[in-house]
Visitor: 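This is the structure, below, for whatever I ask next.
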Amino acid sequence: MKKLMNKAEDYVDEMLDGLILVHPSLVRDGESGRVIRRSAGARQGKVGIASGGGSGHLPLFTGYVGPGLLDTCAIGNVFEGPTVNSCLEAIRLADGGRGVLRLYGNYGGDRMNFDMAGDLLEDEGIVTTTVLGNDDIASGDASERDKRRGVAGLIYAYKLAGASAEAGADLETVTRVAAKAVAATRSIGLALSPCQVPTAAHPTFTLGEGEVEMGMGIHGERGLWRDGMKPADALVEEMIGRLLADRPEGAGERVSILVNSLGATPLEELFILYRRAAALLAEAGLSVVMPLVGPFATSMEMAGASISLCFLDDELAGLLATPADCPFWKVG
Amino acid sequence: MAARVENLAAAVARALAGIGPIERDLDAADAQLGDGDTGGMIARVIGRMAATDLSEDRDMGVALTKLAKAAAAATGSSLGTLVATGFLTVGKAVKGREEVPWGEWGPLLATARDAMAARGGAALGDKTVLDGLDAVAEAIGAQDTREAVAAAALSAGRRSLVNFRDRPCRMGRARLHAERSVGRDDPGMLALVLLMEASLSPEAPAA
């Protein structure tokens with residue numbers, strides 16, 4: 001698999017160098033330069049939000065640092081969690097004196113490192129809380145939601161918690177909003193072709209030219225089924241059907257939808273998916289608020305798409321509409 | 001008969017000397033169900049550990065803690081963080097001591113195993129590196145020479161691979177492929193055995 005890179009081991013650092021050159025609102029920080037923070041630094045008096053995750057998913061996770069979203073993000077190597085030190089630095093750099101929410105996807109390495117960083121920070125007096133994104137319905141049964149992975153739907157937690165923090169809410173409230181956003185969000189993806197970790201010798205999985213895999217995760221985690229390629233409408237019908245079957249208890253009639261490219265799938269095909277998804281949501285009696293279509297959480301060159309639904313009540317709908325600004329997503 | 005800092009440094013150096021085939025084997029094992037980069041990650045960890053200067057250190061606790069920090073700085077992967085947790089735990093337990101008798105390493109590894117289980121959330125039987133470590137900790141028990149500890153550890157590690165090969169993984173990403181993990185070695189368990197073979201075997205190249 002061909003990649004535009006120099007040395008594989010420089011992939012992440014050279015990517016970050018380019019990212020901050022293009023977007024001066026972002027700054028590399030931390031001993032190893034593996035924390036991205038807002039150029040203005042943490043705002044005193046505001047609850048901080050620190051996230052983190054492996055590289056290879058831009059705009060997730062690093063790209064969502066900005067007003068109304070994240071304060072900092074720790075970055076790991078491709079498909080590897082950030083180091084303990086980077087997590088620790090991301091939390092410190094997000095601290096504006098009112099505590100820091102650690103908000104990231106439910107992955108083993110990320111969890112261990114943020115937990116260890118929290119232990120090490122106990123003596124520094126920084127109060128932290130944790131909320132884990134777990135929107136991928138294909139990665140675990142509904143009875144095991146705490147084992148599900150976080151994928152593209154994590155951006156709703158970023159947006160909603162970020163809006164709450166920006167409005168001056170305390171740590172308890174920001175944490176509650178983040179947990180509520182996670183509980184309100186469901187995602188499912190499908191893959192058409194694999195990706196490859198820059199330092200690996202082979203793609204993360206193989207998929208036949210005429211095949212599709214439903215439910216695949218953003219690191220190539222195995223999905224629900226693999227079969228011959230089907231028309232877009234049939235795939236969307238299954239995806240929306242599975243998402244609605246898993247809808248949160250008490251979910252209302254407003255929903256935001258994110259149709260996301262996993263990297264190689266073009267906008268044209270995302271709009272084809274959206275067209276049928278919107279019709280299905282209308283048939284289900286749901287009204288769509290702020291539809292999002294584009295690459296929001298990718299897996300490098302993987303072809304495929306995911307659909308996320310975030311079920312909104314008055315509080316979440318209000319927070320979703322407030323201004324936010326990062327290099328890859330602007331609201332208001 | 002006891003382990004000193006120079007034994008630690010020599011073991012790390014031997015692991016580094018043998019890292020080439022280990023990296024390839026682990027990448028291949030990880031590629032079965034994962035993204036195929038466990039070998040590269042372990043190579044970074046060992047490389048960073050080997051680059052850690054222990055020449056002035058006498059305190060085993062300080063040396064192990066330095067190696068833990070090196071591992072933690074090299075990677076944020078689950079396995080790498082578990083390695084760091086294990087080294088940190090043993091380092092805390094032997095802080096202030098220049099020698100740790102070989103007969104104490106079984107209980108020390110058991111302490112590391114428990115700390116790693118608490119950090120990562122895996123249980124014994126889940127087919128992870130913890131199962132290999134558990135077998136090694138039990139096998140070396142109260143062996144009181146380096147040679148006896150090495151022989152018991154290698155034998156137990158290899159046996160644990162065989163014992164678990166036909167069982168399903170119940171942790172992490174591999175749990176999603178539980179049925180496909182049957183008949184395959186867990187990359188973490190394999191890493192433990194390959195690294196022990198390089199660092200503990202009598203025939204391993206000297207530092």
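Just so it is clear, the values below take in all heavy atoms, side chains as well, and ignore hydrogens, waters and symmetry mates. The model shown is predicted, which means the values in this text are computed figures rather than measured ones. Just so it is clear: chains get the letters A, B, ... in the order the sequence lines come, proteins before strands, and each one is counted from 1.
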Visitor: Around atom NZ of B/K95, are there more than 12 heavy atoms of other residues, nucleotides or ligands at under 6.0 Å?
Guide: no
Visitor: Which atoms of A/R34 come close to chain B, meaning under 4.5 Å heavy atom to heavy atom: side chain ones, backbone ones, both, or neither?
Guide: neither
Visitor: Heavy-atom pairs under 4.5 Å with chain B: which of A/V84, A/V197, A/T199 has the most?
Guide: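 Most heavy-atom pairs within the cutoff with chain B belong to A/V197.
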Visitor: Check each atom of B/A74 against the heavy atoms of chain A and say whether the ones under 4.5 Å are side chain, backbone, both or neither.
Guide: backbone
Visitor: Can you confirm whether more than 12 heavy atoms, excluding those of B/K66, are under 6.0 Å from its NZ atom?
Guide: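 Yes, enclosed.
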Visitor: Tell me, side chain or backbone of B/R24 under 4.5 Å from chain A's heavy atoms, or both, or neither?
Guide: neither
Visitor: Determine whether B/R4 and B/E98 make a side-chain contact, defined as any pair of heavy atoms from C-beta on separated by less than 4.5 Å.
Guide: yes
Visitor: For chain A, find which of B/D37, B/T81, B/D27, B/T85 contributes the most heavy-atom pairs closer than 4.5 angstrom.
Guide: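 Most heavy-atom pairs within the cutoff with chain A belong to B/T81.
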Visitor: Looking at chain B, which one of A/E9, A/E80, A/E31 has the largest number of heavy-atom pairs inside 4.5 Å, strictly under?
Guide: A/E80
Visitor: For A/Y107, give me all partners under ring-ring contact (aromatic ring centres under 6.0 Å, His included), at least two apart in sequence or on another chain.
Guide: A/H219
Visitor: Side chain, backbone, both or neither: which part of A/D115 has a heavy atom under 4.5 Å from chain B?
Guide: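 Both parts, backbone and side chain.
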Visitor: Go through the structure and list residues passing side chain to side chain contact (heavy atoms under 4.5 Å, CB included) with A/D95, not counting sequence neighbours.
Guide: A/V100, A/I126
Visitor: Give the member of B/A31, B/A84, B/G120 that has the highest number of heavy-atom pairs under 4.5 Å with chain A.
Guide: B/G120
Visitor: Let me know which of A/L207, A/L192, A/L190 forms a side-chain contact (heavy atoms from CB on, under 4.5 Å) with A/E213.
Guide: A/L207
